[in-house]
Amino acid sequence: MAQPLASSAQPLTATAANLVQSVDWLAIAPPTVTAVVGLVVLVADLFVGEQKKALLGWVSVAGLAAAALLLLPLLDGDRSTFCLTGDGGVCSYTADRFTLVIQFLVLGGALLAALLSVTTLKDADQRLPEGEYWFLLLSSAAGAALLPASRDLATLIVALEVASLPAFALVGIRPGDRRSSEAALKFFLSSVTATAVSLMGISFVYASTGTLYLTQVADRIQHVGQLHTLAQTGVVLTLVGFAFKTAAVPFHFWVPDTYVGAPLPIAAYLSVVGKAVGFSGLILITVVALPSYADVWGPALAALAALTMTVGNVGALRQQATRAYSAVRLLAWSSVGQAGYLLVPIAAAAYSDDDERSVGSTVAYALMYAAVNLGAFAVAALVGRTKAANRITDYRGLYATNPFAALLLAFFLLCLAGLPPGIIGLFAKVTVFSAAVDAGLGWLAVVMAVNVVIALFYYLQWTTLLFRAPEGEPAAHRVPAPLTAALALTGVLGVALSGAPQLVLRFADTGLF
């Protein structure tokens, strides 16, 4: 009896060996380091005295910087891990060019938000729980960095929720603040609804194809036979879920109140990193997993793009300069309008022969938007230190009290408007406009042109206010070192990209996958 037992044990041993996967630790290093630093900060918070809590912030900043630096060794070539046994081309995690660019945007945006947070937490004078704040921020950043590398639907949804769930708590982290609690509730309900709809859609896609891997879904969904209706319903529901995440109209209602109720660094984080998460997930779902259903998601995204940019810009145009928090509300509505521009190249990918180039246009625009929008929020954080209501009228005469901040904000607003000297903003808009025209979406290009003109009015109106004579005694704005660093970094990045826009725009020419 011993011989048969031995022989039967050998296949079991071989099967177990085949199930063991080697992990490419370098490929997964950026999100892993971010998550580990978050855990270190959470544990360290238990042992650090109240007077030394500021150290947790600087550890978090250093951790995000280290995670961003770990992207450099990955530039040599594509790396994949967590692959199917026997099929190295089907993997759950891939660090390709697209992944690295989005991870750079996410980690860089989180780093700048962390610099803004250091000052915000200091000004709060222990009214905000610092250890929990940094743990939640780093956890969200880790999920956001994982998402662009996800190549199966399960990992994609998990990464999306890891990025989103801590953000709910960050929005409502101010104890006893009614606006903060209301904003967190609206954000939570809308995001949970989006997740539920996405999961329903993904379950339909899985039922139709029998796989969760994006490349396998792309192959099998073309041959679903009688399950075509089920697959098509899954595609539509998945798109609706991600439309919530990207703040596309009519799923944008949570944005203005969430930005106003959240601490300003978190509003800045959501405006950039939150969008990067939503749009990178949308790109992976449409262009990678569902190219054969371009006739479904192409027209839908084109309509959403037109509606989103129009509603966002009209909403920003209607903001009253004297209303409390009108500056933050304008930036919130502006971010909705910018989301419409970001949707245009993705919609164009459905009609274009070169979908990679269209995706590259979206990423190029996202990089420009991230740099200048974070800079605008940094100036808003500076003004908010002395003008808690943060009205647009509070920026009148800013040049007289802080020429550096006024010039930077004027530059950032001109970049968002697409006017010189904000050359990078102009070139990015032209790239998106060209993607629509090349794909035969002339009507969408016309809608975009009209919206650019609408946006010029409120961006220029705010810009001119900076250089008017101040009313009453001008308030001096003391700039702490972390806030100065955030302003300097965004300013240098914006100027550098305007001087050498090819650093970003080459993504639109060469594609990313």
Side-chain angles (χ1 to χ4, degrees), residues 78 80 82-94 96-99 147-160 197-243 245-246 248 278-305 343-363 435 438-441 511-513:
D78 297 350
S80 297
F82 303 114
C83 302
L84 280 181
T85 304
D87 190 350
V90 181
C91 305
S92 293
Y93 187 103
T94 298
D96 56 11
R97 196 162 170 236
F98 172 78
T99 299
L147 190 137
S150 304
R151 293 299 183 272
D152 71 70
L153 294 172
T155 306
L156 191 67
I157 288 296
V158 169
L160 189 63
V197 173
S198 295
L199 284 173
M200 179 66 78
I202 286 172
S203 67
F204 287 174
V205 171
Y206 175 68
S208 304
T209 61
T211 183
L212 292 172
Y213 290 95
L214 301 184
T215 52
Q216 289 187 339
V217 168
D219 292 334
R220 296 184 186 181
I221 204 167
Q222 303 177 58
H223 312 288
V224 293
Q226 295 179 347
L227 298 177
H228 174 74
T229 302
L230 183 66
Q232 194 170 46
T233 304
V235 171
V236 172
L237 290 176
T238 304
L239 289 177
V240 170
F242 275 93
K245 299 296 185 181
T246 57
F279 279 99
S280 56
L282 188 62
I283 288 169
L284 291 172
I285 289 291
T286 54
V287 177
V288 178
L290 303 170
S292 59
Y293 276 75
D295 59 330
V296 175
W297 55 260
L301 292 183
L304 281 178
L343 281 170
V344 170
I346 306 177
Y351 302 90
S352 174
D353 294 331
D354 190 356
D355 55 0
E356 291 190 16
R357 182 174 182 179
S358 297
V359 170
S361 298
T362 290
V363 173
D438 293 343
L441 296 174
L512 283 167
F513 291 105

Those residues that, when tested against [X], pass side chain to side chain contact (heavy atoms under 4.5 Å, CB included) (two or more places apart):
| X | result |
| --- | --- |
| Y351 | P299, A439, L441 |
| A294 | W297, A350 |
| S292 | I221, Q222 |

Hey, what do you get for [atom1] ([X]) to [atom2] ([Y]), rounding to the nearest 0.5 Å?
| X | Y | atom1 | atom2 | value |
| --- | --- | --- | --- | --- |
| L214 | I285 | CG | CD1 | 6.0 Å |
| L237 | I202 | CG | CD1 | 10.5 Å |
| L84 | S92 | CG | OG | 7.0 Å |
| L284 | F242 | CG | CZ | 8.0 Å |

For a quick test of reading the model, state the closest non-hydrogen atom pair linking [X] to [Y] and the distance between them.
| X | Y | answer |
| --- | --- | --- |
| L227 | A207 | CD1-O, 3.9 Å |
| A243 | T246 | O-OG1, 3.1 Å |
| A435 | S361 | CB-OG, 4.1 Å |

How about [X] and [Y]: do any of their side-chain heavy atoms sit closer than 4.5 Å?
| X | Y | value |
| --- | --- | --- |
| L282 | L239 | yes |
| V217 | L212 | no |
| Y213 | C91 | no |
| V235 | F204 | no |
| L147 | L156 | yes |

Original post:
If you look only at pairs with a residue in residues 223-232, which of them pass as a side chain to side chain donor-acceptor pair (under 3.5 Å), with sequence neighbours excluded?
Top reply: H228-Y293
**OP:** Sequence neighbours left out, what pairs pass side chain to side chain donor-acceptor pair (under 3.5 Å) with at least one residue falling in residues 201-210?
**Re:** none
Listed by chain and number, what are the side chain to side chain donor-acceptor pair (under 3.5 Å) partners of [X], not counting sequence neighbours?
| X | value |
| --- | --- |
| T94 | S80 |
| T99 | D96, R151 |
| T155 | D152 |

Subject >> Main-chain N/O of G234 paired to T238 side chain as donor or acceptor, under 3.5 Å >> reply: yes
